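Presented below is the structure to which this report refers.
The structure presented is a predicted model; accordingly, all values stated were derived computationally and were not measured. Residue numbers start from 1 in every chain, and the chains themselves are labelled A, B, ... in the order their sequence lines are given, proteins ahead of strands.
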Amino acid sequence: MHIDVNSAFLSWHATYEKQIGIERDIREIPSVIGGNEKSRHGIVLAKSLPAKKFNIKTGESLFEARQKCPNLLIVLPDYNVYTKASKKLREFLKTFTPDVEAFSIDECFIRFTDIDREKAINLAYLIKDRINEIFGYTVNIGVSENKLLAKMAGDFEKPNKCHTCFPDEIKKKLWPLPVEDLFMVGRKTKQKLNKIGIHTIGDLANYDYNAISALFKSHGRLIYDYSWGKDDSEFKGFEQVKSVGNSSTLRFDVTDTETAHIILLSLVEVTAWRLREAGAFCRVISVGIKFSDFFYISRQKKLSFFTDCTNDIYINMCKLFDAIWDKKPIRQLGVYVSDLEFRAVKQINLFQSNFSKKSEVLDKTIDKIRCRYGDNAIIRGMFANSDFQPLLGGYPSDEYIGMSSIL
DNA sequence: TCTGGGGTCCTAGGACCC
DNA sequence: TCTGGGGTCCTAGGACCC
């Protein structure tokens, strides 16, 4: 089964408001969860059903959304609430089966073996209704024999619905849908498929496999298989993360190196912290720059050693950044670490900074203080009298990892 | 004050080796 | 007989997901 929280951020926010005694229900009026426009985070993160009637779309700018619906209510997100709600839901699902696989903050797969169709469907309805009773929000549940079909079924009709998409139902339920509804067919692929006359999932399924394979390579073979409901991906209870990153759109365009370095530090602080929390060391570091014209570049470098040290990562990140930046105004900065290794003991390397040992103790101590007394209990001196946040970043992403094409 | 942030995976080109 | 061919590794960019 695939479980998908309907308008997750908005539903969770509504139940939270109810909990703390706020009278309104943002689900019943045209509303969206949206970022802060003043700090240039102004996009729609989730929309209510009444807002959907105004043709408001997730991901579009709040500016556009307000044009479509002038008295739209815009609510700032509270990622803490969403992260907790997400965890609570998975805990609840674990009362039905230990096989719960988080797919994103608001989606997961649960597995049942040795259960017939009828029982599965009844169970899906039971789970859906229990979630509504206990937590006060609705979900969609898709039921089938593999993850892809369950996920496709979950998307059929929303909200508060259970659907099946078993192999013998593919032609009837899956094939008539527009091809872009298929998992892993995005904007670009839809355009290319439409150009060769493929408009529905059925069109794709009945197109020449070799032609698809030649045109779209491995991605083509993947979506062709998906159009036939073929997916032999394993059920993974838990998977180790492969990269950690942190990026932020800046309140204003940055044009001087000093400011850029301060921001890089605040991004690295959070990234390195998450890396240590995961019990990992990284060997590849990358920096990404989005300019004011939205042009994006990135550079990565493989270090000669594995590290989880804020200072090491920061120093090398600055080197990378300095080597590629041509002083064009920066809108967004991002730092990423990958090529991870998970081990308990740190290996000291000659090429690490001289302060490596001290830095390690320092990192650990800072982590502990922040864990105990809050994120801003201890900050770097360079932030003390500056206008910049000592820790910069989006919402926490632990507990689940990013979506993969092989589910 | 138009356009976020967390990820995974794939491809193509170039460096380098024998 | 102008400039082979197999392989690995690294890097930048772009597609996709929510």
Salt bridge flag under 4.0 Å for residues A:Glu64 and A:Lys57: no
Is the distance from OP1 or OP2 of C:dT11 to the nearest side-chain N or O of A:Ser286 less than 4.0 Å? no
A:Phe388 vs A:Phe252 aromatic rings, parallel, tilted or perpendicular, using cut-offs 30° and 60°? tilted
Base, sugar-phosphate, or nothing: which does [X] touch, judged by heavy atoms less than 4.0 Å apart?
| X | result |
| --- | --- |
| A:Ser248 | sugar-phosphate |
| A:Leu62 | nothing |
| A:Val244 | sugar-phosphate |
| A:Gly186 | sugar-phosphate |
| A:Asn36 | nothing |
| A:Lys302 | sugar-phosphate |

Out of curiosity, A:Ile43 CD1 to A:Ile33 CD1, how far, rounded to the nearest 0.5 Å? 12.5 Å
Run through A:Glu269, A:Arg276, A:Glu360, A:Arg380 and flag the one making a side-chain hydrogen bond (donor to acceptor under 3.5 Å, both in side chains) with A:Thr310. A:Arg276
Under 3.5 Å side-chain donor-acceptor pair for A:Lys173 and A:Thr164: yes
Polar contact flag, side-chain donor to acceptor under 3.5 angstrom, A:Lys190-A:Asn194: yes
In whole Å, I'd like the distance from the [atom1] atom of [X] to the [atom2] atom of [N].
| X | N | atom1 | atom2 | value |
| --- | --- | --- | --- | --- |
| A:Ile285 | C:dC10 | CD1 | C1' | 15 Å |
| A:Glu239 | B:dG6 | CD | C1' | 16 Å |
| A:Glu60 | B:dC2 | CD | P | 15 Å |
| A:Glu37 | B:dG4 | CD | C1' | 13 Å |

Kindly point out which of B:dG6, B:dG7, B:dG4 is positioned nearest to the side chain of A:Lys290? B:dG4
Which nucleotide in C:dC18, B:dT8, B:dG5 has an atom nearest any side-chain atom of A:Glu107: C:dC18
Heavy-atom neighbours of A:Glu133 CD exceed 12 at 6.0 Å: yes
Give the stems involving DNA chain C, where a stem is 3 or more consecutive Watson-Crick or G-U wobble pairs (i with j, i+1 with j-1, and so on) under 3.5 Å. B:5-18 with C:5-18
Could you check A:Phe216 against A:Phe294 and say which one's nearest nucleotide on DNA chain B is further toward the 5' end? A:Phe294
Could you go over nucleotides 13-16 of chain B and give all protein N or O partners under 3.5 Å, atom names and distances?
none

